[in-house]
Structures are given as C-alpha cells and as structure tokens.
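Contents: one structure, followed by commentary.
Atom set for the values below is all heavy atoms of this structure, side chains included, hydrogens, waters and symmetry mates excluded. Only a predicted model underlies this, so the values are computations on that prediction, with no experimental measurement involved.
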Amino acid sequence: MTDVSPARPRLIIPKLGGLYAALHESAETILRVAAGLLLVTHGYGKIMNPFGAVGMVESLGFYPGVFWSPLLAATEFFGGILVAIGLFTRPAAFASMIVLAVTVYFHWFVKAEGLMGAEKSVLWTLIFLFFAVRGSNSHSVDAKLGRQF
C-alpha cells in the first residue's frame, strides 16, 4: 500500500519538532475558542436587540429585515458559542463565515473602503472557513460525543 500523506518538510531546527507537535492541537483550540468568543462578544449587543439591525441588513439588500436581523444576531451569538465549545463546529463556522463574507462585501463595496476597510473581515472570514472545513479537534464537545458533521 502506498502512503499518500504529504511529506513534511525538514525543520531547520529539528529539536523544535517535539514542541511544535505538542502545541499543534492546543494552538488550534486556542484559535477556535478565541474566534468563537470574540464572535459572541460581537453578537451580544445584537442578541439583546435582535431587531436593531433591520435597517442595516435591508440597506444591504436582505429583505425582510425583520427576518434577517434576528438571524444575524443568532448566528453571531449562538454560532460563536458553538464554535467556541466545538459543538456542531462545521455548520456553525460555515454560517459565521457567510455572515463575515457579507461584512467583507459591506466594507469593500458598499462603504467603498477597499481592502483596507475590509481586511479584518477578510481575516475573520478565512478563520471561520478554516473551521468550516477542518471541524474541531480532540479538545471539543464534538470529540467528546464522538461525532462531527
């Protein structure tokens, strides 16, 4: 049988290999938890006033705003919680990625700020894309349940 795993490049400082291997999952977990909690923090105000963004979402073409505004609030707040704890990680991260991709459009095109205005949104979109594709690791509720999407 042929091994199809990609060859790992040799390390310039081989003694660091053990450290990198030991921190691999922990670093990924820290990124997932931080991204989820920051999204919760961002969505907290929206969940307290779920219809507060009606005008903003309608200005982006999302009608009716009374549907999209609470959905935005729930995605940011509850999706952030799910990503942080690693439960239903892929669908929660995918929904969050879509929300953040819309913010890229908003900053880049609607507000005409270009990349400089959208760069944080681009970064956040890519972080949630990573978790939508990768899922969670052994430090997650998904792992404890033994199931993932």
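Judged purely by atom type and a 3.5 angstrom limit, E58 uses its side chain to pair as donor or acceptor with the backbone of G65. Between the side chain of S26 and the main chain of L23, no donor-acceptor pair closer than 3.5 Å is present. Judged by distance alone, the side chain of T75 and the main-chain N or O of A95 form no donor-acceptor pair under 3.5 Å. When atom types are taken as modelled, the side chain of R90 and the backbone of V133 share a donor-acceptor pair closer than 3.5 angstrom.
Between W68 and the choices V66, L71, L72, the side-chain contact (heavy atoms from CB on, under 4.5 Å) rule is met once, by L71.
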Q: Please lay out, stage by stage, how F78 and I47 fare under the test side chain to side chain contact (heavy atoms under 4.5 Å, CB included).
A: CA-CA 9 Å; F78 296 112; I47 206 71; 3.6 Å; yes
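The closest side-chain heavy-atom distance from N137 to T29 is below 4.5 Å. Side-chain atoms of V102 and V99, non-hydrogen and from C-beta on, never get closer than 4.5 Å to each other. A heavy-atom distance below 4.5 Å is found between the side chains of L39 and F128.
Taking CZ of F131 as the reference point, atom CE of M97 lies at 13.5 Å (rounded to 0.5 Å). To the nearest 0.5 angstrom, E119 atom CD is 10.0 Å from W108 atom CH2. One finds the CG atom of L38 at 4.5 Å from the CH2 atom of W124 (value rounded to the nearest 0.5 Å). Separation of atoms NZ (K111) and OG1 (T103) is listed at 11.0 Å; rounding is to 0.5 Å. The distance from the OG atom of S121 to the CG atom of L100 is 6.5 Å, given to the nearest 0.5 Å. Summarising the geometry, atom NE2 belonging to H42 is positioned 4.5 Å from atom CD belonging to E76; distances are rounded to the nearest 0.5 Å.
Put simply, V141 and L31 are part of two different groups of oily side chains (I, L, V, M, F, W, Y) that touch within less than 4.5 Å, one to the next. I98 and F67 fall within the same hydrophobic cluster, where Ile, Leu, Val, Met, Phe, Trp and Tyr residues are linked whenever their side-chain heavy atoms come under 4.5 Å apart, directly or through other members.
More than 12 heavy atoms of other residues, nucleotides or ligands lie within 6.0 Å of CG in L115, so this atom counts as buried by the packing criterion. When the shell of 6.0 Å around CE of M116 is examined, it contains 12 or fewer heavy atoms from other residues, nucleotides or ligands. In this structure, F106 places its CZ atom where more than 12 heavy-atom neighbours from other residues, nucleotides or ligands lie under 6.0 Å away.
Minimum interatomic distance between T125 and V104 (heavy atoms only, all atoms of both residues): OG1-CG2, 3.7 Å. Closest heavy-atom contact between G80 and V40: C-CG2, 3.4 Å. When all heavy atoms are compared, the tightest approach of L82 to A92 is CB-CB, 3.8 Å. When all heavy atoms are compared, the tightest approach of I85 to R32 is C-NH1, 3.5 Å. Contact record, A35 with I127: CB-CG2, 3.9 Å, taken as the closest heavy-atom pair. The two atoms that bring A132 and A93 nearest to each other are N-CB, 3.5 Å, heavy atoms only.
Applying the ring pair (Phe, Tyr, Trp, His ring centres under 6.0 Å) criterion to F51, with sequence neighbours excluded, gives no partner residue.
Between F77 and Y44, the two ring planes are tilted [angle within 30° to 60°].
A side-chain hydrogen bond (donor to acceptor under 3.5 Å, both in side chains) check over residues 138-147, counting only residues at least two apart or in different chains, returns the pairs E25-S138, T89-D142, S136-S140, S136-D142.
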